[in-house]
Amino acid sequence: MYEANARPHPQDPAPTPGCGVCEALAETRRLAWAVGNLSAVTVQNAELANHPHTSGATR
């Protein structure tokens, strides 16, 4: 099932530049948006928001 109006939201968490985990989560989220899988988008957003980084890295 696809939702024609599903588009990325400006309040979606941004991936940390240079973090491979964040980049992979963001790509998975992008693909979920593309097919209208809003449940998967929500999961990826939660993972991005809660993904830890070592000191010195910003989110």
Side-chain angles (χ1 to χ4, degrees):
M1 182 173 293
Y2 301 102
E3 185 169 323
N5 294 324
R7 289 181 176 72
H9 192 277
Q11 292 181 343
D12 284 348
T16 299
C19 176
V21 172
C22 284
E23 290 169 3
L25 290 167
E27 176 63 9
T28 303
R29 178 182 62 194
R30 185 190 68 77
L31 294 171
W33 271 118
V35 298
N37 185 344
L38 301 184
S39 292
V41 169
T42 300
V43 169
Q44 300 313 308
N45 281 341
E47 291 292 332
L48 275 165
N50 294 307
H51 175 66
H53 294 98
T54 58
S55 62
T58 58
R59 289 222 263 189

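Atoms CD and CG, from Glu23 and Leu48 in turn, are 10.5 Å apart once rounded to the nearest 0.5 Å. Put simply, CG on Asn45 and CG on Leu38 are 10.5 Å apart, with the number rounded to the nearest 0.5 Å. Atoms NE2 and CD, from His51 and Gln44 in turn, are 12.5 Å apart once rounded to the nearest 0.5 Å.
Taking all atoms of both residues into account, the shortest heavy-atom contact from Arg29 to Pro15 is NH2-CD, 4.3 Å.
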